[in-house]
Amino acid sequence: MSSETTTKSPEAAAVPPPGHAPATKRVPQGHKRLLTRRDRITLAVMAGVPTVLHVALVWVTALASIALAFTTWDGIGFDSIKWVGLDNFKQLFTDNPQFWPAVEHNIIWFVVLILIPTPMGLFLAVQLDKKIRFSRVYQTAFFLPVVVSLAVTGFVWQLVYNPDTGLINSLIGANKPGHYIDWIGDPHLNLWAVLIAASWRHTGYMMILYLAGLKGVDPSLREASALDGANEWQTFKNVIFPTLRPTNTVVLVVTIIEALRAFDLVFVFNKGAQGTELLSILITNNIIGESSRIGYGSAIAVVLLVISLAVIIPYLIATFRKERQA
C-alpha cells in the first residue's frame, strides 16, 4: 500500500481553514502609549495652577493698576472708586516734589551700575576664564552676594555703615563723639552708600553673565591672534570683546531693569527718605502708606511700566528677529 504525499503551496498554506477568523497581527507600539485619565489630570494641574497664578498675580494686577491710574481710591470699598482721568498724571508731573528727584536717582543708579560694577564683573570674568587655580572657589565667593536676599544684604551693610560700631567708621576713626559720619542719615551720602552695596552685589551678577559669554568664544580666534603677534590686551580688545556683543546687550538690558526695580536695599536702609527717593519707593508709600492713595500710586507704577517697556520691547524685537534669521 503506497502512501500519497501531498505538497501544499505557500498560497494554500496561508489560507485559514473554514470556520476560523483570520488572526490579526498586533503592531508593536514601542514606547508609545495613550495618556490615562490620571495622567491628564496631573498634567492639567501641573500646567494649569502656575498659569492661573501667573495670570492672577501678574497680568490681572498689571491691568488693574493701569485702570486704577485714572481713578482716585482710598482702598476701602469698590464704591469709593472715582474716575479722574489724567489728573493723577498731571499732579505727578507738576505738583509732586519727590517725583523728579526719584527719576534722577533711578538714572544715577543705572549710570553707577553700568560704569563701576559692570567693568569690574567683566574684569573678574576675564581673569577667571584663564583657568587659574581655585577658580570655582572664587566664582562662588563673588557670586554669593547675588544669591543672598537683598533684604539680608541691606542689614549687613547697615552694620558696616553704623556710625558707632560700623566697620568703615572704625577704620577711618570716625566713630568718636563729634567725628561721626552718618552714612545712612546724611542726604548727601546715603544714596552713594546704598549704591556701593548695590554695586557689590551687581559685580557678581555681571561676572557670571560675562563668564558665560567668554566660554562661548571660539578658541581658534585666540590662537590666530597669538600667531599674528598680538598681546593679551590687543587680543581682548580686537578679538574677544567684539564677539561679546550679544552678552553686552543682555548686560545692558539687565542693568536697566535692575536700576528701575531697585527697592529692597533702599527700603531696608531708610525707607527711601532723605535723599534716597526712588520710583518704587514712591509707589509703595502711596499705595500702602498711612494715607492710602491707590490711584495716585498706580499712576506712578504706570510711568515705571512705560519706561520698562521702552527698554524691553526693542530688545525682544531684536532677539526675535535674530531667531527668525537663524
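Any value given below was found using the heavy atoms of this structure, including those in side chains, with hydrogens, waters and symmetry copies removed.
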Next on the checklist: I'd like to know if the side chain of Asp186 reaches the main chain of His188, judged simply by a donor and an acceptor atom lying under 3.5 Å from each other, with no hydrogens or angles considered.
Outcome noted: yes
Item to check | Expected output: side-chain Asn96 to main-chain Gln91 donor-acceptor under 3.5 Å | outcome: no
Next on the checklist: So Thr255 and Glu258, do their side chains get closer than 4.5 Å, heavy atoms only?
Outcome noted: no
Checklist entry - CG/Asp228 to OG1/Thr235 distance, rounded to the nearest 0.5 angstrom? => result 9.0 Å
Checklist entry - Are Leu167 and Phe155 connected, step by step, through hydrophobic side chains (Ile, Leu, Val, Met, Phe, Trp, Tyr) whose heavy atoms are closer than 4.5 Å? => result no
Checklist entry - Going by atom types alone, do Tyr161 and Asp182 pair a side-chain donor with an acceptor below 3.5 Å? => result no
Item to check | Contact summary for Val302 and Ala69, nearest pair of heavy atoms | outcome: CG2-CB, 3.7 Å
Checklist entry - Does the side chain to side chain contact (heavy atoms under 4.5 Å, CB included) test come out yes or no for Asn190 and Phe269, once each step is laid out? => result CA-CA 9 Å; Asn190 50 18; Phe269 266 62; over 6 Å; no
Item to check | Full working for side chain to side chain contact (heavy atoms under 4.5 Å, CB included) between Ile181 and Ile172 | outcome: CA-CA 10 Å; Ile181 298 179; Ile172 64 177; 3.8 Å; yes
Item to check | Straight-line distance of Leu278 CG to Phe267 CZ, nearest 0.5 Å | outcome: 12.0 Å
Item to check | Donor on one side chain, acceptor on other, Ser292 and Asp74, under 3.5 Å | outcome: no
Checklist entry - Between Ser225 (side chain) and Leu221 (backbone), is there a donor-acceptor pair under 3.5 Å? => result no
Item to check | Distance-only donor-acceptor check, side chains Ser65 and Ser298, under 3.5 Å | outcome: no
Item to check | Trace of the side chain to side chain contact (heavy atoms under 4.5 Å, CB included) decision for Ser308 with Ile257 | outcome: CA-CA 7 Å; Ser308 303; Ile257 294 175; over 6 Å; no
Checklist entry - Under 6.0 Å between the ring centres of Tyr210 and Phe123? => result no
Checklist entry - Aromatic ring centroids of Trp157 and Trp200 under 6.0 Å? => result yes
Checklist entry - Do the side chains of Trp233 and Asn238 get nearer than 4.5 Å, heavy atoms only? => result no
Checklist entry - Of all heavy-atom pairs between Asn88 and Ala299, which one has the smallest distance, and what is that distance? => result CB-CB, 3.8 Å
Next on the checklist: I need the minimum non-hydrogen distance between Met207 and Ala125, along with the two atoms involved.
Outcome noted: O-CB, 3.6 Å
Item to check | Steps toward side chain to side chain contact (heavy atoms under 4.5 Å, CB included) verdict (Val146, Ile208) | outcome: CA-CA 10 Å; Val146 184; Ile208 290 298; over 6 Å; no
Checklist entry - Which atoms form the tightest heavy-atom contact between Leu265 and Ala197, and what is the distance? => result CD1-C, 4.2 Å
Item to check | Heavy-atom check, side chain of Val239 versus side chain of Arg222, under 4.5 Å | outcome: no
Item to check | Mutual orientation of the aromatic rings belonging to Phe70 and Phe89 [parallel < 30°, tilted 30-60°, perpendicular > 60°] | outcome: tilted
Item to check | Within-4.5 Å side-chain heavy-atom neighbours: Arg293 and Ile287 | outcome: no
Checklist entry - Any side-chain donor-acceptor pair under 3.5 Å between Trp183 and Asn169? => result yes
Checklist entry - Is a side-chain N or O of Asn106 found less than 3.5 angstrom from the main chain of Ala259, in a donor-acceptor match? => result yes
Checklist entry - What heavy-atom pair brings Val217 and Leu244 nearest, and what distance separates the two atoms? => result CG2-CD2, 4.4 Å
Item to check | Donor-acceptor pair, side chain of Gln127 and main chain of Leu124, under 3.5 angstrom | outcome: no
Checklist entry - Should the heavy atoms of other residues, nucleotides or ligands under 6.0 Å from CH2 of Trp83 be counted, would the total exceed 12? => result yes
Checklist entry - Using a distance-only test with no angle check, is there a side-chain donor-acceptor pair under 3.5 angstrom linking Thr276 and Asn270? => result yes
Checklist entry - Hey, what's the ring geometry for Tyr138 with Phe134, parallel, tilted or perpendicular (30° and 60° as the breaks)? => result perpendicular
Next on the checklist: Using a 6.0 Å distance limit plus a 45 degree cone around the ring axis, check whether Lys237 lies over the aromatic ring of Phe241.
Outcome noted: no
Item to check | Heavy-atom neighbours of Glu232 CD exceed 12 at 6.0 Å | outcome: no
Next on the checklist: Tell me if the NZ atom of Lys82 is crowded by more than 12 foreign heavy atoms within 6.0 Å.
Outcome noted: no
Checklist entry - Is a donor on one side and an acceptor on the other found under 3.5 Å between the side chain of Thr118 and the backbone of Leu113? => result yes
Checklist entry - Does some side-chain heavy atom of Val251 sit less than 4.5 Å from a side-chain heavy atom of Thr247? => result yes
Item to check | Tyr296 and Thr72, any side-chain heavy atoms less than 4.5 Å apart | outcome: no
Checklist entry - Does some side-chain heavy atom of Leu122 sit less than 4.5 Å from a side-chain heavy atom of Met206? => result no
Checklist entry - Is there a salt bridge (Lys or Arg N to Asp or Glu O under 4.0 Å) between Lys215 and Asp129 once you walk through the steps? => result CA-CA 8 Å; Lys215 296 299 182 183; Asp129 191 51; 3.4 Å; yes
Checklist entry - Do Thr36 and Asp39 have side-chain N/O donor and acceptor atoms under 3.5 Å apart? => result yes
Checklist entry - Does His54 reach the main-chain N or O of Pro50 with its side chain, forming a donor-acceptor pair under 3.5 Å? => result no
Checklist entry - Is Asn286 close to Ile300 at the side-chain level, that is, under 4.5 Å between some pair of heavy atoms? => result yes
Next on the checklist: Can you give me the closest heavy-atom contact between Tyr205 and Val254, atom names plus distance?
Outcome noted: CE2-CG1, 3.6 Å
